[in-house]
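Taking it in order: structure first as structure tokens, then the write-up.
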Amino acid sequence: MSGIMDGVVGGTGIGVMVRRRFKQILKDLQHRRFIDLYATTLVAFIFAALLLVGADLPDSVRWSLLFAGLGFLLLRAALANHREDRFLDRSDYDRNPITDDLRAARDVWIFAPVGSNFLTEERCDILRRGPLAKDGGAVRIVVLKQFDPDDPISEQLDALLDFPVQKAADSLRETRARLASMKQWTVKGTFAYGEISFNPGFSIVAVNPHSAGGYANVEFHGFRNDAIRSRMHIHLTRDDGPWYTYWLEQFEAIWRSTVADPS
């Protein structure tokens, strides 16, 4: 049974990755980027198909593999240069709704100091119907410990925006109440949340971090942004090597600090 589930999860992860790659290619074509690489890749695939159909089988297989391999190498070279698609803001969540990824996910990690903007009622319900509805699914969330409006942390968080619509202390109180309610849910998956007293100045959302197609979005809080949507985040995948591992380990370190907290 576990083998079947792993296959399903792996397929889901690959599906997410394919969708993101396809959107990436369409965006490149719209902005006329890497046209030569995409054109060469397309020609290689066409020749591979023609050789497979029109030549003797032994030769066609050899040439098809050769051209298909060349096509994949060229495509990989094109996708490897998308550094501008790693540096985003929250408008990316409109173009590539994270709700779709959360619904299909099996493992979700979230560190959000206050969490009110990301952990909306809609997204919490999607977590319930997504990873928490799956056997073996897991959601881990970390927020800050509750603080008072006159606390230095509150002053710091309130100073991050020029036009805040709610005090950070009040937003955190609502988030903590929502998390406490989620902890009472009867679900197949595992839900856990913790609190820390230190604000490191960033947020992390990781979706299927150790599976194919997994990724982590790391958002930096900045200073005096006009709105939450102005904040920059970087989109990291396993292709980013040690930096991807670094930020996953940052979340794990945060999580361990909640477990070790005596309160």
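Ile110 has its side chain out of reach of Ile204: every pair of non-hydrogen atoms, C-beta onward, lies at least 4.5 Å apart. Side-chain contact between Leu248 and His210 is present, with heavy atoms from C-beta onward closer than 4.5 Å. Using a 4.5 Å heavy-atom threshold, the side chains of Arg129 and Arg103 count as touching. Within the 4.5 Å cutoff, side-chain heavy atoms of Arg123 are placed close to those of Ile98. Side chains of Ile141 and Phe191 form a contact here, defined as non-hydrogen atoms less than 4.5 Å apart.
Residue Thr99 holds its OG1 atom at 4.5 Å from CD1 of Ile126, rounded to the nearest 0.5 Å. In this structure, the separation between CD1 on Ile234 and OH on Tyr215 is 14.0 Å, given to the nearest 0.5 Å. Taken to the nearest 0.5 Å, the CG atom of Leu132 stands 8.0 Å off from the OG1 atom of Thr190.
Taking the side chain to side chain contact (heavy atoms under 4.5 Å, CB included) definition, one finds that Gln184 meets it with nothing, sequence neighbours left out. Legend: residues meeting salt bridge (Lys or Arg N to Asp or Glu O under 4.0 Å) with Arg238, ordered by chain and number and at least two apart, are absent. Remark: Lys188 engages Asp135 in a side chain to side chain contact (heavy atoms under 4.5 Å, CB included) (not counting sequence neighbours). Judged as a ring pair (Phe, Tyr, Trp, His ring centres under 6.0 Å), and not counting sequence neighbours, the contacts of Phe251 are Trp109.
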May I have the list of side-chain donor-acceptor pairs in residues 170-179 shorter than 3.5 Å, sequence neighbours left out?
| unit_1 | atom_1 | unit_2 | atom_2 | d |
| --- | --- | --- | --- | --- |
| Asp170 | OD1 | Arg173 | NH1 | 3.2 |
| Ser171 | OG | Gln166 | OE1 | 2.8 |
| Ser171 | OG | Lys167 | O | 3.3 |
| Glu174 | OE2 | Gln166 | NE2 | 3.0 |
| Thr175 | OG1 | Val114 | O | 2.9 |
| Thr175 | OG1 | Ser116 | N | 3.4 |
| Thr175 | OG1 | Ser171 | O | 3.1 |
| Arg176 | NE | Glu195 | OE2 | 2.8 |
| Arg176 | NH2 | Glu195 | OE2 | 3.0 |
| Arg178 | NH1 | Leu119 | O | 2.9 |

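Each side-chain hydrogen bond (donor to acceptor under 3.5 Å, both in side chains) pair with one or both residues in residues 242-254, not counting sequence neighbours, appears once here: Arg140-Glu252.
Summarising the geometry of Ala169 relative to Gln146, their closest heavy-atom pair is O-NE2, 3.1 Å, with the distance given to 0.1 Å. When all heavy atoms of Cys124 and Met182 are compared, the pair lying nearest together is SG-SD, 3.5 Å. The minimum heavy-atom distance linking Val139 with Pro131 is given by the pair CG2-CG, 3.7 Å. What you find for Thr258 and Trp255 is that their closest heavy atoms are OG1-O, 2.6 Å.
Of the possible polar contacts, none joining the Lys134 side chain to the Asp107 backbone as a donor-acceptor pair under 3.5 Å is found. Without hydrogens or angle criteria, Asp240 side chain to Thr237 main chain gives a donor-acceptor distance under 3.5 Å.
The cluster map of Ile, Leu, Val, Met, Phe, Trp and Tyr, joined by side-chain heavy atoms under 4.5 Å apart, puts Phe198 and Phe202 in different clusters.
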